[in-house]
Structures are given as structure tokens and as C-alpha cells.
Amino acid sequence: MGEPNSVQTISTGDRELGMGREITRRDFLNGVSIAVGASLAASSRWVTAFGIADSPFAPEKDAGYYPPAKTGMRGSHDGSWEVAHDLRDGKVWPEAIVETDAYDLIVVGGGISGLAAAYFFRKFSGADSRILVLDNHDDFGGHAKRNEFRSGNRLLLGYGGTQSIEAPANYSGVAKGLLLELGIDVKRFYKYYDQKLFSNMKLNEATFFDKETFGDDRLVMEEPSTYLGPRYSAKAVDQMPIAPEARRDLIRLQDAKVDYLPGLSPEQKRIKLIQKSYKDFLLQDVKVHPDVVKIFQTTTHDLYAVGIDAVCAYDCAQYGFPGFSGMSLPKPRGGDEPQEEEPYIFHFPDGNASIARMLVRSLVPESAPGDTMEDIVTARMNYAKLDDAESKIRIRLNSTAIHVKHVGDPHSAKEVEVTYVRGGQARRVRAASCVLACYNMVIPYLCPEMPDKQKQALAYAVKIPLVYVNVQIKNWKSFQKLGLSSIYAPSSYFSNIALDYPVSMGGYRFPASPDEPCVLHLLRTPCQPGLPCKDQYRAGRWELFSTKFETFEHQVRDQLGRILSAGGFDPAADIEAITVNRWPHGYAYEYNRLFEPLDRPDSERPCVLGRQRFGRIAIANSDADGHAYTNIAIDQGHRAITELMASRVTHLHATHLHSTHQG
Ligand SMILES: Cc1cc2nc3c(=O)[nH]c(=O)nc-3n(C[C@H](O)[C@H](O)[C@H](O)COP(=O)(O)OP(=O)(O)OC[C@H]3O[C@@H](n4cnc5c(N)ncnc54)[C@H](O)[C@@H]3O)c2cc1C
């Protein structure tokens with residue numbers, strides 16, 4: 001693959017789009033790059049009460065260190081991934097500096113799962129627990145990242161990853177309990193989320209047909225929703241730039257009650273439809289025109305991050321996709337049942353970054369003011385306090401673990417030793433136990449001493465790549481003029497574009513007037529239709545790592561211009577900032593049924609086999625349960641800590657370590 005759309009020079013067309021124009025793209029902090037290998041020269045940043053006493057590398061101490069306000073390429077930003085890739089490629093680091101501080105627990109991975117693990121550990125072991133959390137990014141939260149923008153003095157917020165608390169009624173007691181203990185009362189979102197704003201303004205969803213695929217750029221004022229089952233009215237179908245035969249087929253697909261698998265029992269149909277993609281079902285059984293497939297191709301992107309070529313027809317039936325009303329399918333069973341219905345409104349303005357921020361505030365109280373779910377929204381975190389030598393709990397950013405091993409035999413060892421790289425320098429630190437809340441696929445590299453079978457199980461899944469782009473625009477009058485709140489674009493670079501969720505809480509106000517500046521949210525899932533699902537994810541990851549910011553910028557400007565210019569939108573004048581949150585290692589792999597053994601019990605999935613405790617090392621992260629959700633991340637953090645507690649491997653106290661381990 002490579003860099004198909006890279007913009008090296010600025011053409012006339014690009015200039016019209018505003019490429020090369022000043023937009024906010026602060027990849028550097030006050031001119032100080034924190035990329036690995038940054039200068040280690042001794043400076044005034046040699047610190048005593050912060051970070052590691054003998055290290056000059058302490059970018060977090062800089063007064064201007066505030067990653068949420070960075071724009072440009074974020075998510076898996078440069079400087080965060082190189083060490084792990086070097087590890088994969090077999091690099092050996094020079095002798096590590098041995099730290100004298102020691103801990104009860106070291107957590108690798110400062111996402112919601114790792115932070116929750118630290119929270120539960122302190123809860124169960126007592127306030128004196130000494131915990132170190134390591135994360136490779138310049139900000140904590142894992143996927144739960146906050147994007148900040150400024151328009152004059154006004155703060156605008158966006159979510160860089162983990163979007164919403166989805167269906168909280170279905171959360172486990174553990175996850176519900178954690179939210180409550182943090183002070184999150186999800187019922188309040190009924191007040192904070194303005195569910196009527198867009199409908200009162202008569203703003204609708206639309207579908208954008210692009211000329212490269214459909215022969216004409218055209219906006220049709222309806223959007224199929226994955227959650228409700230995509231459907232188009234006859235009026236919308238009439239306006240689509242597709243073959244007349246495709247129009248008839250689309251209406252037939254939606255309206256006709258036909259059994260497309262006659263002669264099979266409901267159970268035989270279930271199996272057949274699990275083993276067949278929705279695309280193949282449409283083409284082979286419903287026999288629709290290929291244009292119909294083009295319309296539906298990316299409707300599954302937001303949930304599966306692959307198109308309907310790689311999602312089984314049976315799953316699409318469960319989501320209400322058309323074509324199954326005459327099929328007499330069996331009632332949903334284990335895992336297929338629809339969950340309790342709740343509106344999709346449980347959303348902080350920065351997404352679940354607020355949960356991560358509340359966890360951090362609880363673990364390191366000096367890191368942020370306030371104590372409510374409302375005041376966290378506008379709170380400015382003090383990053384200089386995250387890794388304070390005075391604090392029992394320390395969160396160390398810009399630090400990639402490269403080796404985690406027992407000191408001695410895993411079955412009888414009393415300590416775990418974690419080597420990590422920070423500022424280009426390997427460092428070694430010890431604890432009584434360790435939670436790996438990082439990606440499953442990294443663990444075999446970190447822990448080569450694990451049994452081979454466990455490593456194979458952990459390496460089985462492939463993380464799902466996707467990109468969330470936030471675009472700050474001067475105002476959203478063009479949306480009002482065109483009567484739009486969101487756009488589905490089946491074959492464009494970004495498959496979904498939407499005004500941000502209208503949430504106002506605490507001191508934060510959603511820009512409810514179209515005259516106000518706001519943040520648009522764009523989704524791209526870089527899959528490769530036609531390949532097996534995991535290969536699509538691998539190809540997508542490669543695409544994300546090899547695509548430059550300028551390519552994303554060009555696509556943002558081009559697509560927004562083509563869709564919104566009829567409403568007066570001018571990409572050159574109206575775009576004020578762009579933040580690309582690329583997640584080459586995004587969603588946990590969710591065991592896509594089209595490519596997995598039929599009806600394998602959940603308990604036999606490789607993630608369950610792989611997450612077994614290994615001596616003093618337990619495994620968390622949403623990967624550990626194969627579901628990309630916040631509640632799962634919390635539950636897995638809890639399970640990992642419960643396993644360590646049950647095995648009593650946390651009992652050795654850090655003070656003991658400290659006295660026995662002096663380098
Ligand atoms: C774009 C996007 C949108 C999402 N939207 C939602 C949503 O709306 N609702 C929902 O419930 N879920 C959503 N999810 C799923 C989300 O992944 C989970 O909800 C949750 O945030 C995962 O937390 P985690 O701690 O398990 O993993 P992560 O957030 O991935 O955290 C793991 C951390 O470990 C770090 N790490 C890895 N290796 C190392 C190493 N060697 N050393 C140090 N650190 C390491 C990683 O870089 C990362 O920071 C979304 C995910 C993505 C990517």
C-alpha cells in the first residue's frame with residue numbers, strides 16, 4: 001500500500017480547499033518534541049519532586065504540557081509506538097537503569113482498564129498501596145482521549161476515541177459500581193443531552209453519493225442507521241444516482257416478504273446465514289443489482305470496522321437490516337438477544353475521556369480540581385502531578401514497557417521486574433505484582449517466559465483500526481441551510497460525518513446556535529473489502545501508519561467542500577483546526593462469526609484462554625474479553641485484580657522490596 005493520496009505540493013485545487021493555510025496543528029509542545037530519543041541533556045528540568053529522580057527526561061513537568069489541546073496527528077501519535085515496534089522487530093536495549101523505588105503493583109497500560117485496575121487494587125489493598133501505571137502515550141486514557149479546541153476564549157471539546165457509555169443499564173454490577181463511586185450518575189444525561197435540538201431545527205440525516213462511485217455527487221436526505229436497520233423511503237430511492245433496476249431491487253429488498261432460503265429449517269437458516277456475508281446474501285439469494293451493495297457496503301463500519309462483505313448475514317438480520325422479514329429465523333439465543341433499549345445519550349463532551357479523567361483524579365487527587373461528573377468536563381488536569389515522588393500512586397506517561405518477568409521461578413517468585421523505555425532510555429523497576437492492561441498482542445513480546453500456548457492464544461486477535469477526525473469549523477450555518485445533522489457517505493474516504501453530540505453540562509455549553517463555532521466528527525475505517533476480516537484489519541493498520549496528516553487534511557477539505565458547499569461552506573475559510581485520532585490498534589477483536597468456528601462457546605475463545613494469571617502477572621484490557629467496550633475494560637481490570645488478590649501475590653509489601661532491592 002503506501003501513501004496513495006499524499007499531497008506533496010499544493011496544486012490550484014488544493015489551494016482552493018485551503019491546503020497549506022494556517023490551521024491549528026500543534027504537534028509540538030512549546031517547540032519541545034517528546035518523541036522517543038528527545039534530548040536527554042541535563043537542564044533545569046532535572047527535578048526532584050517529579051518523575052524519576054535521576055532522569056532529565058520529564059516533558060510532563062513543562063508548564064505548557066497539555067496533550068488534550070494538541071491537534072494534528074493524535075491517537076497513536078508519533079513518539080508513542082516506535083519502541084513497541086522496535087521490540088517486535090527484535091531490538092535489544094542497552095543495560096537498563098535500575099530504579100530504587102518499588103511498588104505493590106505495576107500496571108502496564110493507562111487506558112480505562114489499567115486505571116480501573118489501579119483503582120480496584122487500592123480499594124482492596126488499602127490507601128497505602130503503592131502503584132505505578134505506565135503508558136506509552138503522552139496522555140493517559142488509552143482510547144478514551146480528550147480533544148480540546150479553542151475559538152477565541154471559547155473551549156470546544158471533542159472525543160478522540162471511546163465515545164459514549166453505551167447501554168449502561170446492561171453494565172455489570174462492578175462497572176455500574178465504579179461509575180457511581182466516581183460520581184457518575186448516568187440518569188443526568190437525560191437532562192444534559194438535548195435529544196430534541198436537531199429535530200426541532202428540522203435537521204436530518206443524509207446520504208452522500210460520490211461521483212467516483214455513483215457517477216454524480218448527490219446528497220439524498222436520508223441515512224440508513226446500523227442500529228435501527230437501514231431503510232430508505234421510496235422518495236429517497238427515487239433520488240439516488242443508481243441504475244433503475246437497482247432502485248427496484250432496493251424497494252423489493254426492503255418490502256418483499258420472501259423466504260430466500262426455502263426448504264431449510266430455521267436452525268439450518270441460522271447456520272447458513274452465519275456462514276455467509278450479508279453482501280453474498282444480497283447478491284446470491286436476494287439477487288439485487290450491485291449498486292444496492294454499494295449503498296450498504298459501509299453501513300457496518302461503525303460497529304465492525306469492516307463492510308458487509310465481512311459481516312455475516314445473520315448478524316445483519318439481528319440489527320434489522322432488510323431482507324429477512326419473510327425468512328422465519330429462529331429466535332435470538334445466547335449472545336444474540338437484543339439488550340435493554342436505552343437512548344444513545346450517555347455522552348460526556350469529551351466522550352469516556354471524562355471517565356479516565358475521573359479515575360485519574362481519584363487515584364492522584366492533586367492532578368485535577370473538583371469532585372463531580374460536571375466539574376471534570378472543564379477541569380484542566382495538572383500533568384506535572386501525575387508522577388509525583390510524594391504520591392503513592394504514580395502515572396508515568398511516555399513510557400513503553402518492553403519486558404515483564406518474574407524475579408526467579410514464576411511459581412515461587414516474590415517480585416516482578418518491569419523494564420520500560422522512556423526518553424530513549426531503558427529503566428527497570430520492581431513490584432510485588434503486575435497487571436498487563438495493554439493490548440493482548442503485545443504480551444507475548446513483553447513476557448517471553450509465558451507458556452507457549454498462552455502466548456499463542458494472546459497473539460490470536462488482531463486489533464481493529466479506525467480513525468476519528470475532529471474538525472473545528474467557524475460555524476455550522478451550512479448544516480442548517482441544508483437541513484443536515486449527519487451524513488452517511490458509503491464510498492467516500494470518511495463514511496460518516498456528524499455534528500457533535502449536543503451535550504451541555506457543568507460549565508460547558510454545546511454550541512447550539514448555527515452561528516457558533518463547533519466540532520464535526522468524521523469516521524474512517526481503513527479496511528480492504530474482499531480479504532478475510534483479520535487481513536482487512538492488518539491492511540488497515542498499515543494504511544494508517546503510512547498515511548500522512550496532509551492526506552487526511554486533504555480528504556477532510558475535499559469531502560466537506562463537496563458535501564456542504566451548496567450550504568455556503570468554504571473549506572478554505574471555515575476550517576479552523578483538525579485533529580486526526582488514528583487508532584491502528586483500535587477496537588478489541590470481537591470474534592467475527594463469519595470467520596470463527598461455528599457456535600464456539602465464549603469460554604473457549606482464545607482471549608479467555610490467554611488471560612489466565614501467570615504467577616504474579618494478571619491480564620486486563622478489553623482485549624481480554626474480546627469486546628470493545630468501556631464496561632468490559634472495567635470488568636477485566638476488576639477480574640485481574642481479583643485474581644491477584646485471590647492468589648495472595650500482592651501481600652509482599654513494597655517497603656520490603658525497597659529494602660531488598662537497591663540495584
Ligand atoms: C475510536 C474508538 C471508539 C470507541 N468508542 C467506544 C464507545 O463509544 N463506547 C465504549 O464502551 N467503547 C468504545 N471503544 C472501545 C474502547 O476501546 C474501550 O471502551 C476502552 O476504552 C478500552 O480500554 P482499555 O484500557 O481496555 O484499552 P486501551 O484504551 O487500548 O488502553 C490500553 C493502553 O495500554 C497502552 N499500551 C499498550 N502496550 C503498552 C506497553 N508495552 N507499554 C505501555 N503501555 C502500553 C496502550 O497504548 C493504551 O494506552 C472505542 C474504541 C475506539 C478505538
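When a ligand or atom number is given, it counts from 1 through the structure's own listing order. These numbers come from the heavy atoms of this one structure, side chains and all, not from hydrogens, waters or symmetry mates.
In this structure, of Ser76, Ser622, Ser80, the residue bringing a heavy atom nearest to atom 26 (O) of ligand 1 is Ser622.
Between Thr162 and ligand 1, at least one N/O pair is under 3.5 Å apart. Residue Lys463 places no N or O, backbone or side chain, under 3.5 Å from any N or O of ligand 1. Between Thr630 and ligand 1, a contact under 3.5 Å exists for at least one N or O pair.
Proximity of Ala588 to ligand 1, defined as any heavy-atom pair under 4.0 Å, is not found for any part of the residue. Proximity of Tyr344 to ligand 1, defined as any heavy-atom pair under 4.0 Å, is confined to the side chain (atoms from C-beta onward). Here Trp583 has side-chain heavy atoms under 4.0 Å from ligand 1, and that is the only part of it that gets that close.
We find that Arg611 and Glu643 are not joined by a salt bridge, their nearest charged nitrogen and carboxylate oxygen being 4.0 Å or further apart. A salt bridge does not link Arg146 with Asp139: none of the charged nitrogens is closer than 4.0 Å to a carboxylate oxygen. Ion pairing between a basic and an acidic side chain is recognised when a charged N comes within 4.0 Å of a carboxylate O; Arg394 and Asp387 show such pairing. Salt-bridge formation is not detected for the pair Lys405/Glu449: no Lys NZ or Arg NE/NH1/NH2 atom is positioned less than 4.0 Å from an Asp or Glu carboxylate oxygen.
Residues Gln536 and Tyr304 have side chains that never bring a donor and an acceptor to within less than 3.5 angstrom of each other.
Closest to atom 34 (O) of ligand 1 among all protein heavy atoms lies Gly109 CA, 3.2 Å. Atom 6 (C) of ligand 1 has Gln163 N, 3.5 Å as its closest protein atom, hydrogens excluded (heavy atom only). For atom 36 (N) of ligand 1, the nearest protein heavy atom (residue, atom name, distance) is Asn136 OD1, 3.4 Å. In terms of protein heavy-atom proximity, atom 37 (C) of ligand 1 is nearest to Cys438 CB, 3.3 Å. In this structure, the protein non-hydrogen atom closest to atom 48 (C) of ligand 1 is Asp135 OD2, 3.5 Å. In this structure, atom 15 (C) of ligand 1 lies nearest to the protein heavy atom Ala628 O, 3.2 Å. Atom 27 (O) of ligand 1 has Asn621 ND2, 3.1 Å as its closest protein atom, hydrogens excluded (heavy atom only). Here the protein heavy atom with the shortest distance to atom 23 (O) of ligand 1 is Ala633 CB, 3.6 Å.
Between Tyr193 and Tyr501, the ring planes are tilted. Angles from 30° to 60° get that label.
Annotation: ring pair (Phe, Tyr, Trp, His ring centres under 6.0 Å) contacts of Tyr439 (sequence neighbours excluded): His585. Partners of Arg605 according to the side chain to side chain donor-acceptor pair (under 3.5 Å) rule, which considers only residues two or more places apart in sequence or in another chain, are Asp625.
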Exercise. Let me see the working for Asp535 and Gln528 under side chain to side chain donor-acceptor pair (under 3.5 Å), right down to the final yes or no.
Key: CA-CA 8 Å; Asp535 288 342; Gln528 291 285 307; over 6 Å; no
